[in-house]
Amino acid sequence: MTPQYQIRADYDARTIVVYQAYSPAIADAALRAGRFVAPFSFHRMTWIKPSFMWLMHRSNWARKPGQERVLAVRITREGWEEALSQAVLTTADPAAVAQAAVHVQWDPERSPRGAALNHYSIQVGIGRHLIRTFTDDWIVSLTDLTPQIRKASTLMQTGHAAKAQRLFPAERTYPMPPTLEDVVSPGRGRRTGPRAGGRAFGLSLE
């Protein structure tokens with residue numbers, strides 16, 4: 001059985017892939033520049049997700065308005081772990097959340113059909129004070145997955161789920177440094193907030 005709180009991702013020795021969905025204007029500008037540029041906003045939190053299936057659920061397979069383009073954002077593992085080291089869960093004490101450079105939330109992982117599973121997927125919100133570091137220092141490459149997603153969605157809708165799954169990125173358990181293990185095992189850490197609708201736990205990293 002998959003552990004309830006576990007980061008699963010596409011990664012290699014140096015980098016990890018996270019996913020984001022944007023409007024065509026933001027995605028096209030970013031792909032041309034090889035990094036995020038205007039009209040991408042540097043003044044609000046941006047959320048990154050290592051779970052491909054969770055983002056498919058969130059963006060309705062790149063069909064939701066404003067989320068029609070899905071990018072695979074490859075960032076350094078050093079940057080990913082730096083973000084987690086500064087994180088506070090969204091159900092922590094409101095004052096701690098307000099001051100945190102990074103927010104973390106766990107939501108039910110999704111099946112290819114969108115059903116909620118019994119284990120959770122992590123979302124990481126990069127706050128505005130770290131966004132320039134994220135865009136300028138952590139990002140290694142941007143890849144447009146939209147054509148691949150549309151093909152997979154069509155296969156799913158026409159009863160070819162096995163073929164569709166061949167187009168899904170391979171994800172495996174991410175090896176967390178011991179100092180960050182409480183991020184993926186909220187029950188092991190200090191609760192700083194109540195359970196929120198069964199979806200996220202409050203935990204302040206210290």
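Keep in mind it's a predicted model, so treat the numbers as computed, not measured. Computed over heavy atoms, backbone and side chain alike; hydrogens, waters and symmetry mates excluded.
Annotation: salt bridge (charged side-chain N to carboxylate O under 4.0 Å, His left out) contacts of E82 (sequence neighbours excluded): none. Every residue two or more places apart in sequence or in another chain that forms a salt bridge (charged side-chain N to carboxylate O under 4.0 Å, His left out) with D28 is listed here: R69. The salt bridge (charged side-chain N to carboxylate O under 4.0 Å, His left out) test applied to R132 returns no partner, not counting sequence neighbours. The ring-ring contact (aromatic ring centres under 6.0 Å, His included) test applied to F168 returns F52, W61, not counting sequence neighbours. Residues meeting the side-chain hydrogen bond (donor to acceptor under 3.5 Å, both in side chains) test with Y174, sequence neighbours left out: R77, E81.
Separating the CD atom in Q123 from the NZ atom in K49 is a distance of 5.5 Å, to the nearest 0.5 Å. To the nearest 0.5 Å, the span separating CZ on R44 from CD1 on I126 amounts to 14.5 Å. A distance of 15.0 Å separates CZ in R113 from NE2 in H57, rounded to the nearest 0.5 Å.
Between R58 and D107, none of the side-chain N atoms (NZ, or NE/NH1/NH2) sits under 4.0 Å from a carboxylate O, so this pair counts as no salt bridge. With salt bridges taken as basic N to acidic carboxylate O contacts below 4.0 Å, none links E78 and R14.
Heavy-atom minimum distance, A92 versus V88: CB-CG1, 3.3 Å. Closest non-hydrogen pair, Q67 versus A21, comes out as CB-CB, 3.6 Å. L130 and A101 make their closest contact through CD1-CB, 4.2 Å (heavy atoms, listed as atom of the first residue, atom of the second, distance). The nearest pair of heavy atoms linking H119 to P3 is CB-O, 3.4 Å. The shortest non-hydrogen separation linking I16 to A9 is CD1-CB, 3.6 Å. Here the closest heavy-atom approach between residue I131 and residue S41 is recorded as CD1-O, 4.2 Å.
Annotation: K151, atom NZ; neighbour count of heavy atoms from other residues, nucleotides and ligands within 6.0 Å does not exceed 12. Crowding of D12 atom CG: a count of heavy atoms from other residues, nucleotides or ligands under 6.0 Å exceeding 12. Within a 6.0 Å radius of CZ in R63, more than 12 heavy atoms belonging to other residues, nucleotides or ligands are found.
Residues F40 and T46 form a side-chain contact, since some pair of their non-hydrogen atoms from C-beta on lies under 4.5 Å apart. For the pair S51 and I122, the minimum side-chain heavy-atom distance is 4.5 Å or more. At a threshold of 4.5 Å between non-hydrogen side-chain atoms, the residues V140 and T76 count as touching. At least one side-chain heavy atom of P112 sits less than 4.5 Å from a side-chain heavy atom of M53. Counting heavy atoms from C-beta on, the side chains of L180 and S85 come closer than 4.5 Å. At least one side-chain heavy atom of I48 sits under 4.5 Å from a side-chain heavy atom of I75. Side-chain contact between Y19 and S59: absent, with no pair of heavy atoms (C-beta onward) separated by less than 4.5 Å. Contact check for V102 versus L84: no side-chain heavy atoms found under the 4.5 Å cut-off.
Both L89 and Y5 are part of a single hydrophobic cluster, where members link through side-chain heavy atoms under 4.5 Å apart. Linking Ile, Leu, Val, Met, Phe, Trp and Tyr residues whenever their side-chain heavy atoms come within less than 4.5 Å places V124 and L142 in a single cluster. W138 is connected to I7 through a chain of hydrophobic side-chain contacts under 4.5 Å among Ile, Leu, Val, Met, Phe, Trp and Tyr, so both are in one cluster. Each of V18 and I149 belongs to its own hydrophobic cluster when Ile, Leu, Val, Met, Phe, Trp and Tyr are linked at side-chain heavy-atom distances under 4.5 angstrom. In terms of hydrophobic clustering, with Ile, Leu, Val, Met, Phe, Trp and Tyr side chains grouped at heavy-atom distances under 4.5 Å, L145 and L31 are assigned to different clusters.
Under a 3.5 Å cut-off, the side chain of E181 and the backbone N or O of T179 do not form any donor-acceptor pair. Side-chain atoms of R150 do not come within 3.5 Å of backbone N or O of Q148 as any donor-acceptor pair. Put simply, the side chain of T133 never gets that close to the backbone of D137: no donor and acceptor are under 3.5 Å apart. In terms of modelled atom types and a separation under 3.5 Å, the side chain of H103 and the main chain of V97 share a donor-acceptor contact.
Aromatic ring centres of F134 and F42 lie farther apart than the 6.0 Å criterion allows.
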- Item | Stepwise side chain to side chain contact (heavy atoms under 4.5 Å, CB included) check, T15 with V17 | CA-CA 7 Å; T15 64; V17 177; 5.8 Å; no

- Task: Determine, step by step, whether Y120 and E109 satisfy the side chain to side chain contact (heavy atoms under 4.5 Å, CB included) criterion, reporting the C-alpha distance in whole Å, the side-chain angles of both residues, the deciding distance to 0.1 Å, and the verdict.
- Result: CA-CA 5 Å; Y120 294 81; E109 182 61 286; over 6 Å; no

- Task: Check the pair N118, M1 against side chain to side chain contact (heavy atoms under 4.5 Å, CB included), reporting the backbone distance first and the verdict last.
- Result: CA-CA 9 Å; N118 291 325; M1 182 178 294; over 6 Å; no

- List the steps, then state whether side chain to side chain donor-acceptor pair (under 3.5 Å) holds for R110 with S121. CA-CA 8 Å; R110 298 286 169 165; S121 173; over 6 Å; no

- Task: In sequence, state the C-alpha distance, the side-chain angles, and the governing distance for D144 and L71, and then conclude on side chain to side chain contact (heavy atoms under 4.5 Å, CB included).
- Result: CA-CA 5 Å; D144 187 1; L71 302 182; 4.2 Å; yes

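Counted by atom type alone, T135 and R35 present zero donor-acceptor pairs between their side chains at under 3.5 Å. Judged purely by distance below 3.5 Å, without hydrogens or angles, the side chains of R8 and T2 never pair a donor atom with an acceptor atom.
Y11 carries R172 over the face of its six-membered ring, with the cationic atom under 6.0 Å from the centre and within 45° of the normal.
Applying the under-4.5 Å side-chain rule to Ile, Leu, Val, Met, Phe, Trp and Tyr, the cluster around L155 extends to L167.
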